[in-house]
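Contents: one structure, followed by commentary.
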Amino acid sequence: MEDLLKVEDLRTYFFTEAGVVKAVDGISLDVRKGESHGLVGESGSGKSVTALSVMRIVPKPGKIVGGKISFDGTDLLTLKEDDMRRVRGSKIAMVFQDPISSLDPLYTVGKQLIEAIRANNETVSKEQARDMAISLLSNVEISEPERRFNQYPHELSGGMKQRIAIARALARTPTLLFADEPTTNLDVTIQAQVLNLMKDLKKNFNMTLVLITHDMGIIAEMTSRVTVVYAGQVSESAETHTLFYHPTHPYTEALLKAVPRLDKRKQLQSVGGNIPNLIDPPTGCRFHPRCPYAIQICKEKVPDYEEVETDHFVACHRWKELSLVGVQ
Ligand code: SF4
């Protein structure tokens with residue numbers, strides 16, 4: 001499969017009074033046309049900032065300071081802001097964890113959908129846009145779409161708001177959709193419904209999906225390839241089933257141990273310790289203060305990003321000698 005998005009050595013820093021926070025510090029990522037790609041790691045690892053960098057909507061005091069982002073052959077970092085706005089309006093969309101941030105409380109659902117549809121295609125009349133909006137509401141499985149069309153966001157439940165936010169993203173008929181923790185704020189039953197909906201929509205709308213999450217269960221359920229991010233850098237990437245059954249990075253192993261399993265009565269283990277301070281990250285391998293396998297070299301030298309096998313890469317000095325435990 002062809003690459004749709006290629007991120008190379010991306011660096012996005014936040015210039016705060018306390019110092020420079022290296023939120024993304026050399027992340028590379030390949031997303032292929034039509035795939036569901038997972039971006040996984042604990043919160044604060046740089047996943048969301050990577051997506052915001054691709055969209056070029058990093059909030060201040062953040063700034064992209066290095067790297068290359070190529071989308072469908074276009075270099076996004078050299079595009080003029082007007083051209084980039086067009087890319088955001090019609091090719092790349094994003095659904096956020098908190099749907100409130102993508103919906104305007106002052107406007108009805110219908111008005112917001114119509115605006116998104118017409119931003120993507122100015123030739124669409126208001127009447128056509130209205131019909132398209134109602135049909136989008138049906139696509140995201142909103143009951144009584146005509147009634148919802150005239151309601152305001154505060155009149156809807158959390159699950160419904162997230163469906164509307166998804167509909168709004170789809171109104172732009174994007175080629176690439178970033179979904180950033182889209183179900184984290186929803187209760188478990190609604191989570192499953194929204195994830196199933198996203199799966200169906202991805203297929204029906206022929207989109208490429210980048211799903212950002214801290215939840216390995218969602219990665220297993222939803223994605224075919226995955227990139228694991230730790231402290232602003234990539235620690236491992238592989239096809240999802242390979243990553244689950246043959247992890248080669250201790251951080252991946254730790255994330256897998258933290259996944260609840262209905263069929264196992266094993267004690268859940270959390271990843272011990274905290275994500276490091278990204279103003280002054282640990283030397284060598286950034287995971288070394290938390291890694292049970294760390295040795296001297298890990299503190300001194302940054303590990304290379306090496307190929308384990310086709311489509312499987314890892315950044316760990318000891319991957320050849322460790323026998324890590326995946327899903328059993
Ligand atoms: Fe652990 Fe060392 Fe590998 Fe880092 S390089 S993950 S500290 S074994």
Side-chain angles (χ1 to χ4, degrees), residues 7 9-29 37-67 69 94-98 100-102 178-186 210-219 223 226-237 243 247 249-259 268-292 294 298 302-303 305 314-316:
V7 174
D9 200 20
L10 178 68
R11 285 162 208 274
T12 304
Y13 296 172
F14 288 78
F15 296 84
T16 71
E17 280 180 15
V20 180
V21 181
K22 296 173 181 128
V24 171
D25 202 16
I27 285 185
S28 295
L29 179 72
H37 194 109
L39 207 50
V40 71
E42 293 158 287
S43 69
S45 57
K47 314 175 301 281
S48 304
V49 178
T50 301
L52 296 173
S53 304
V54 171
M55 306 268 297
R56 278 188 32 197
I57 51 171
V58 178
K60 280 186 179 145
K63 197 166 182 253
I64 299 171
V65 295
I69 302 174
M94 190 157 173
V95 175
F96 297 89
Q97 175 174 341
D98 177 6
I100 295 292
S101 57
S102 38
F178 281 105
D180 187 357
E181 305 273 9
T183 58
T184 303
N185 287 340
L186 306 176
V210 176
L211 184 67
I212 297 172
T213 179
H214 64 280
D215 186 332
M216 290 297 257
I218 292 180
I219 290 287
T223 68
V226 54
T227 299
V228 184
V229 180
Y230 183 76
Q233 300 180 332
V234 174
S235 55
E236 184 165 8
S237 77
L243 193 98
H249 196 286
Y251 181 54
T252 312
E253 183 189 55
L255 289 174
L256 290 172
K257 282 186 181 157
V259 181
L268 262 188
Q269 296 176 23
S270 64
V271 184
N274 295 317
I275 198 145
N277 171 354
L278 295 179
I279 293 178
D280 184 19
T283 54
C285 169
R286 290 188 175 182
F287 190 53
H288 85 250
R290 303 171 76 185
C291 180
C298 305
V302 176
Y305 195 49
V314 68
C316 171

Self-check item: H249 backbone acceptor or donor facing E236 side chain under 3.5 Å
Solution: yes
Quiz item: Judged by modelled atom types alone, do T184 and Q97 share a side-chain donor-acceptor pair under 3.5 Å?
Solution: no
Self-check item: Partner set under ring pair (Phe, Tyr, Trp, His ring centres under 6.0 Å) for F178, not counting sequence neighbours
Solution: none
Quiz item: Is a side-chain donor-acceptor pair under 3.5 Å present for H37 with T223?
Solution: no
Exercise. Starting at CD1 of I27, measure out to NZ of K47 and round the result to the nearest 0.5 Å.
Key: 10.0 Å
Please table the atom pairs, donor to acceptor, closer than 3.5 Å between any side-chain atom in residues 49-67 and protein atoms at least two apart or in another chain.
unit_1	atom_1	unit_2	atom_2	d
T50	OG1	G46	O	2.7
S53	OG	T12	OG1	2.9
S53	OG	V49	O	2.6
R56	NH1	L76	O	2.6
R56	NH1	L79	O	2.8
R56	NH2	L79	O	3.2
R56	NH2	E81	OE1	3.3

Quiz item: Given V20 and I279, is the side chain to side chain contact (heavy atoms under 4.5 Å, CB included) satisfied, shown in steps?
Solution: CA-CA 5 Å; V20 180; I279 293 178; 6.0 Å; no
Quiz item: For the residue pair Y13 and F15, does the interplanar ring angle fall in the parallel (under 30°), tilted (30 to 60°) or perpendicular (over 60°) class?
Solution: tilted
Self-check item: NZ/NE/NH1/NH2 to OD/OE distance under 4.0 Å, R290 and E42
Solution: yes
Quiz item: Does S28 reach the main-chain N or O of D9 with its side chain, forming a donor-acceptor pair under 3.5 Å?
Solution: yes
Quiz item: So, do L39 and L29 sit near enough that their side-chain heavy atoms are less than 4.5 Å apart?
Solution: yes
Practice problem: Side-chain contact test, heavy atoms from C-beta onward, threshold under 4.5 Å: evaluate it for I218 versus L211 and give yes or no. | Solution: yes
Practice problem: Can you tell me which residue pairs pass the side chain to side chain donor-acceptor pair (under 3.5 Å) test with a partner in residues 275-289, sequence neighbours excluded? | Solution: D25-R286
Exercise. Answer whether the closest heavy-atom distance between the side chains of V314 and S235 falls below 4.5 Å.
Key: no
Exercise. Could you please spell out the steps behind the side chain to side chain contact (heavy atoms under 4.5 Å, CB included) verdict for L243 and V228?
Key: CA-CA 9 Å; L243 193 98; V228 184; 4.0 Å; yes
Quiz prompt | For the student: nearest non-hydrogen atoms of A23 and L278, plus distance | solution = CA-CD1, 4.1 Å
Quiz prompt | Closest non-hydrogen atom pair, T252 against M216 | solution = CG2-CE, 4.3 Å
Quiz item: Between H214 and S43, does a side chain to side chain contact (heavy atoms under 4.5 Å, CB included) hold up when you go through it step by step?
Solution: CA-CA 7 Å; H214 64 280; S43 69; 5.8 Å; no
Practice problem: Please examine the side chains of M94 and F96, heavy atoms only from C-beta on, and report whether any two atoms are closer than 4.5 Å. | Solution: yes
Exercise. On the 0 to 90° scale, with breaks at 30° and 60°, tag the Y230-F287 ring pair as parallel, tilted or perpendicular.
Key: perpendicular
Quiz item: Can you name the nearest heavy-atom pair linking P282 to C285, along with the distance?
Solution: CB-O, 4.5 Å
Quiz prompt | Flag for S48-D180: side-chain donor and acceptor within less than 3.5 Å | solution = yes
Quiz prompt | Validation row: L256, P247 side chains within 4.5 angstrom (heavy atoms) | solution = yes
Quiz item: Any side-chain donor-acceptor pair under 3.5 Å between S237 and Y305?
Solution: yes
